[in-house]
Engineer: 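Here it is, the structure in full.
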Amino acid sequence: MATNTAGNSGQKYQTQQTHYLLKRVRYSDFTTANAAMVIGVLPPGAVVKYGHTWIVTSFNDTNGDDLDIGVSGDDDDLFASGVDLNTGATLTTFDDLADANRYSASARTVTCNFTTAPSGNGTTGEAMVYIEYHPAPLA
C-alpha cells in the first residue's frame, strides 16, 4: 500500500498485489507560480506498470492547460509530458512511461505541474492522475 513516506517499504499485504497512487488535481490547486503538486511516493524497488490521467472537467486557463507528470528532483516529465487538459471526459495514458524509467532502487516522489505556468485567468479544471505499480518483494 502506498504510504506517501519516502523509505517505507510500501507493502502491507503478504501477497503480491498491485498498488496505486491516485490524486485529484484541480485548476485551483495551482498558482501562477506553477508549483509542483505531489501525487505520492513510490517505494524503493517499485515497478510502475501503468499510468493515466482522467480529465473530468476541461481546464480553461489560457496558458496552464498541459500537464507534466514525473519525479521530484529528477525529471518532472519522466512519465508523461504535455498531457492536454483542454478536453473533459478524456482518458490519456502516460506517453513517456518507458521500460528505462519504470523501476528505481530508491524511493521516488511523483509530482505533476503545468508545462507552462498558468496565466491565472482560468476558473475550472479537474483531473485524476493514476499510477499502478508493484512494490518490491519483501524477501
Side-chain angles (χ1 to χ4, degrees):
M1 155 172 112
T3 62
N4 290 334
T5 304
N8 188 291
S9 67
Q11 188 166 0
K12 180 178 178 183
Y13 309 110
Q14 298 303 314
T15 59
Q16 293 297 317
Q17 297 182 20
T18 303
H19 292 35
Y20 308 92
L21 295 177
L22 175 63
K23 181 83 171 194
R24 184 178 304 268
V25 176
R26 294 182 179 93
Y27 174 78
S28 59
D29 295 331
F30 295 97
T31 65
T32 54
N34 197 25
M37 173 183 279
V38 174
I39 303 300
V41 176
L42 292 169
V47 178
V48 177
K49 289 180 53 182
Y50 180 75
H52 71 252
T53 307
W54 173 253
I55 296 99
V56 178
T57 306
S58 60
F59 286 59
N60 67 351
D61 186 89
T62 304
N63 298 332
D65 57 5
D66 292 328
L67 197 68
D68 285 344
I69 302 162
V71 179
S72 174
D74 189 12
D75 189 347
D76 68 355
D77 63 354
L78 184 67
F79 299 134
S81 57
V83 175
D84 185 5
L85 301 172
N86 288 346
T87 306
T90 303
L91 180 70
T92 66
T93 58
F94 285 4
D95 60 347
D96 294 335
L97 184 58
D99 290 345
N101 59 23
R102 290 182 187 275
Y103 172 82
S104 176
S106 58
R108 297 184 286 177
T109 301
V110 179
T111 62
C112 70
N113 60 287
F114 287 119
T115 303
T116 305
S119 64
N121 65 357
T123 56
T124 63
E126 181 180 357
M128 288 185 273
V129 178
Y130 168 87
I131 299 171
E132 180 178 321
Y133 70 95
H134 284 291
L138 292 173

Engineer: Working to the nearest 0.5 Å, report the span between CD1 of Ile39 and OG of Ser72.
Structural biologist: 12.0 Å
Engineer: Only one of Thr90, Asn60, Leu67 clears side-chain contact (heavy atoms from CB on, under 4.5 Å) with Leu85; which?
Structural biologist: Leu67
Engineer: Could you state the interatomic distance from OG1 (Thr123) to OH (Tyr27), rounded to the nearest 0.5 Å?
Structural biologist: 8.0 Å
Engineer: Using modelled atom types and a 3.5 Å cut-off, is there a donor and acceptor pairing between side-chain atoms of Tyr133 and backbone atoms of Leu42?
Structural biologist: no
Engineer: Sequence neighbours left out, what pairs pass salt bridge (charged side-chain N to carboxylate O under 4.0 Å, His left out) with at least one residue falling in residues 89-116?
Structural biologist: Asp99-Arg102
Engineer: Nearest 0.5 Å, please: how far is CG in Asp66 from CG in Asp61?
Structural biologist: 10.5 Å
Engineer: Report the distance from atom CE of Met128 to atom NZ of Lys23, rounding to the nearest 0.5 Å.
Structural biologist: 13.5 Å
Engineer: Under a single-linkage definition using a 4.5 Å side-chain heavy-atom cutoff for Ile, Leu, Val, Met, Phe, Trp and Tyr, are Tyr20 and Tyr103 assigned to the same hydrophobic cluster?
Structural biologist: no
Engineer: Table please: side-chain donor-acceptor pairs of residues 43-55 below 3.5 Å, with sequence neighbours left out.
Structural biologist:
| residue | atom | partner | partner atom | Å |
| --- | --- | --- | --- | --- |
| Lys49 | NZ | Glu132 | OE2 | 3.1 |

Engineer: Say you draw a straight line from CG of Asp77 to CG of Asp68; how long is it, rounded to the nearest 0.5 Å?
Structural biologist: 4.5 Å
Engineer: Under the salt bridge (charged side-chain N to carboxylate O under 4.0 Å, His left out) rule, what pairs show up with a residue in residues 117-126, not counting sequence neighbours?
Structural biologist: Arg24-Glu126
Engineer: Should the pair Phe94 and Phe79 be assigned to parallel (<30°), tilted (30 to 60°) or perpendicular (>60°) ring geometry?
Structural biologist: parallel
Engineer: Give a yes-or-no answer on whether the side chains of Asn86 and Ser58 include a donor-acceptor pair shorter than 3.5 Å.
Structural biologist: no
Engineer: Got a second to check how far Asn121's CG is from Thr62's OG1, nearest 0.5 Å?
Structural biologist: 3.0 Å
